[in-house]
A.B. asks: 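One structure, pasted below without further comment.
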2 protein chains.
Amino acid sequence: MPHPPKVNHSRGPKTVKMDPEHLLVAAERVFASEGLKGASIRAIAREAGCDPALIYYHFENKEAVFTTMLDRKFPPLVQELERLSDPADLRHTSERFWEALRTIHRHVGQDAGFRATVRGEMTRGAEGVQDTIAQRVRPLFQALLHLFQQGVQRGHIRPEFPQALGVFFFARLYLEILDTAPIMAQRIACIPVEQALPLAERSWFELYWRGISTRPEDPLPFLEKAKESRS
Amino acid sequence: MPHPPKVNHSRGPKTVKMDPEHLLVAAERVFASEGLKGASIRAIAREAGCDPALIYYHFENKEAVFTTMLDRKFPPLVQELERLSDPADLRHTSERFWEALRTIHRHVGQDAGFRATVRGEMTRGAEGVQDTIAQRVRPLFQALLHLFQQGVQRGHIRPEFPQALGVFFFARLYLEILDTAPIMAQRIACIPVEQALPLAERSWFELYWRGISTRPEDPLPFLEKAKESRS
DNA sequence: GTAAAATTTCAACAAATGTTGAATTAGGCC
DNA sequence: GGCCTAATTCAACATTTGTTGAAATTTTAC
């Protein structure tokens with residue numbers, strides 16, 4: 001992690017103030033590689049190019065940095081998924097789910113660090129941190145659950161499929177693909193990395209949709225379009 | 001992490017020798033909660049109830065502890081999956097895949113620590129550690145790929161589905177369910193934890209099979225039997 | 001211009017870490 | 001019993017960590 005050499009060591013504010021947002025970005029990078037607990041305040045300060053005490057000036061502690069980071073990332077994604085789950089949308093449920101997948105991709109697809117941190121803390125973080133994250137995941141889950149329920153009501157999705165699991169598989173397993181498909185492609189399956197993720201996304205969606213659909217053999221024309229617009 | 005009080009501080013060997021296996025078990029626990037990098041030698045020693053220097057007596061360094069741990073866990077699983085992928089097995093491919101899933105469950109289902117460590121190091125570990133793990137994952141991947149290919153040849157699996165991805169989805173996404181379904185059930189979906197995982201496994205397998213199958217609407221009788229033998 | 005507030009770093013302290021050589025001790029062999 | 005080997009801990013060293021109060025400096029308000 002290269003960081004700019006600190007040539008001005010005088011105390012007191014700089015003419016260019018250190019933006020707290022810059023601290024958040026630095027923290028996110030360190031959280032991603034070290035986890036929340038493993039991220040030292042000094043490592044974050046090094047990443048940001050400032051003194052560790054400045055972190056305490058702007059935030060109460062490391063957990064506060066993390067919570068602030070969550071609160072910048074989750075709400076826009078949740079809002080967009082809530083719009084997508086509006087019952088007035090009369091498109092086919094498969095198409096709406098595809099758009100939900102694209103939405104998730106747009107918000108967190110390039111954010112491996114954020115994804116890694118959230119998952120890491122959810123699976124092995126402190127109780128309080130899990131609570132903090134769960135509070136922010138629930139609205140997202142609810143929005144997708146509404147979408148799933150509309151699919152059942154419209155006869156697109158099999159009513160016997162457990163709804164909560166349908167939503168969990170859709171979102172969590174897609175995030176897992178984002179996290180692991182590139183590395184698996186590269187190291188185990190010897191697929192070129194640039195091709196692996198788009199193909200994996202389409203294949204995943206097709207598999208998922210066939211798995212829950214009342215009509216698994218119906219074509220998915222928007223998937224074919226997605227394939228063409230990529231090449 | 002409670003550990004027995006150390007009442008005998010004299011140097012020199014104890015009448016009951018510290019088994020290196022015991023060190024491995026302790027290390028596995030610490031790796032699981034702290035990651036490989038975050039697991040301190042002193043934490044491992046505390047977990048094992050010995051002095052940190054003893055770890056250096058038995059192993060070259062922390063990475064050697066980790067590699068030894070991998071080499072106890074992977075080969076039995078790989079061997080069993082290789083037996084399962086024997087072309088002489090004439091059962092339906094869906095049933096063989098179900099048995100593969102049960103096999104994975106038997107070997108690593110209770111081993112959240114091992115799973116977490118392997119995934120964690122694969123996604124964000126040092127280059128050398130990723131190599132170490134990839135070497136051990138490849139034979140497992142190959143065994144499942146053989147099984148998948150036989151499914152295609154026998155007309156059970158759609159030939160247009162990308163094979164490497166089919167295998168990747170089967171194994172990696174199942175492991176993700178093992179890692180995350182309990183916590184998601186508990187904290188987000190409010191499903192009782194004891195029910196969540198068996199239901200998730202069956203639902204996942206059904207979704208997966210329908211997704212890749214040439215005949216998605218065919219029933220899966222062994223799944224129904226699995227449900228009944230559970231209740 | 002002065003005082004107060006805001007911003008930033010230094011310095012210090014206590015605690016923790018990895019690793020090594022040396023000291024100690026139990027058991028086996030002659 | 002003496003010697004040797006194996007097993008285990010201690011002690012030391014250098015490095016890193018989290019956090020705080022104080023010093024220094026810039027900006028703002030009057």
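Treat the numbers as computed from the prediction; the structure is a model and nothing was measured. In the text below, chain A, chain B and the rest are named by the order of the sequence lines, each starting its count at 1.
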A.B. asks: What nucleotide among D:dT25, D:dT8, C:dT8 has an atom nearest to a side-chain atom of A:Ser10?
C.D. replies: D:dT25
A.B. asks: Say whether B:Gln163 and B:Gln149, considering side chains only, have a donor N or O and an acceptor N or O under 3.5 Å apart.
C.D. replies: yes
A.B. asks: Find which nucleotide of DNA chain C each of B:Lys37 and A:Gly12 is nearest to by heavy atoms, and output the residue with the more 5' nucleotide.
C.D. replies: A:Gly12
A.B. asks: Could you state the atom-to-atom distance from CZ of B:Phe59 to C1' of C:dG18 in whole Å?
C.D. replies: 17 Å
A.B. asks: Run the numbers on A:Leu36 and A:Glu63 for side chain to side chain contact (heavy atoms under 4.5 Å, CB included), then give the verdict.
C.D. replies: CA-CA 8 Å; A:Leu36 176 59; A:Glu63 274 70 36; 4.2 Å; yes
A.B. asks: Nearest heavy atom decides the nucleotide; on that basis, is B:Pro13 or B:Arg42 closer to the 5' end of DNA chain D?
C.D. replies: B:Pro13
A.B. asks: Could you tell me the separation between the CG atom of A:Asp51 and the P atom of C:dA12, rounded to a whole number of Å?
C.D. replies: 14 Å
A.B. asks: Taking atom P of D:dG18 as reference, at what distance in whole Å does atom CD of A:Glu60 sit?
C.D. replies: 16 Å
A.B. asks: Under a 4.0 Å threshold between the charged nitrogen and the carboxylate oxygen, would A:Glu127 count as salt-bridged to B:Arg187?
C.D. replies: yes
A.B. asks: Nearest 0.5 Å please: distance from the CZ atom of B:Arg42 over to the CZ atom of B:Arg46.
C.D. replies: 8.5 Å
A.B. asks: Relative to the 5' end of DNA chain C, which residue comes earlier, B:Lys17 or B:Lys62, by the nucleotide with the nearest heavy atom?
C.D. replies: B:Lys62
A.B. asks: To the nearest Å, give me how far apart CD1 (A:Ile44) and C1' (D:dT17) are.
C.D. replies: 12 Å
A.B. asks: Please tell me if B:His58 has a side-chain N or O lying less than 4.0 Å from either OP1 or OP2 of D:dT8.
C.D. replies: yes
A.B. asks: A:Trp204 ring centre to A:Arg202 NZ or CZ under 6.0 Å, with the angle to the axis within 45°?
C.D. replies: no
A.B. asks: Tell me whether the side-chain N/O atoms of A:Ser40 come closer than 4.0 Å to OP1 or OP2 in D:dT17.
C.D. replies: yes
A.B. asks: Would you kindly give the CZ-to-C1' distance between A:Arg11 and C:dA6, to the nearest whole Å?
C.D. replies: 16 Å
A.B. asks: Rounding to a whole Å, what distance do you find between B:Met18:CE and D:dA7:P?
C.D. replies: 13 Å
A.B. asks: Separation of B:Glu34 atom CD from C:dG18 atom P, in whole Å?
C.D. replies: 11 Å
A.B. asks: Take the protein atom CG of A:Leu23 and the nucleotide atom C1' of C:dT7, then report the distance between them rounded to whole Å.
C.D. replies: 12 Å
A.B. asks: Answer yes or no: does a side-chain N or O of B:Tyr57 lie under 4.0 Å from OP1 or OP2 of D:dA7?
C.D. replies: yes
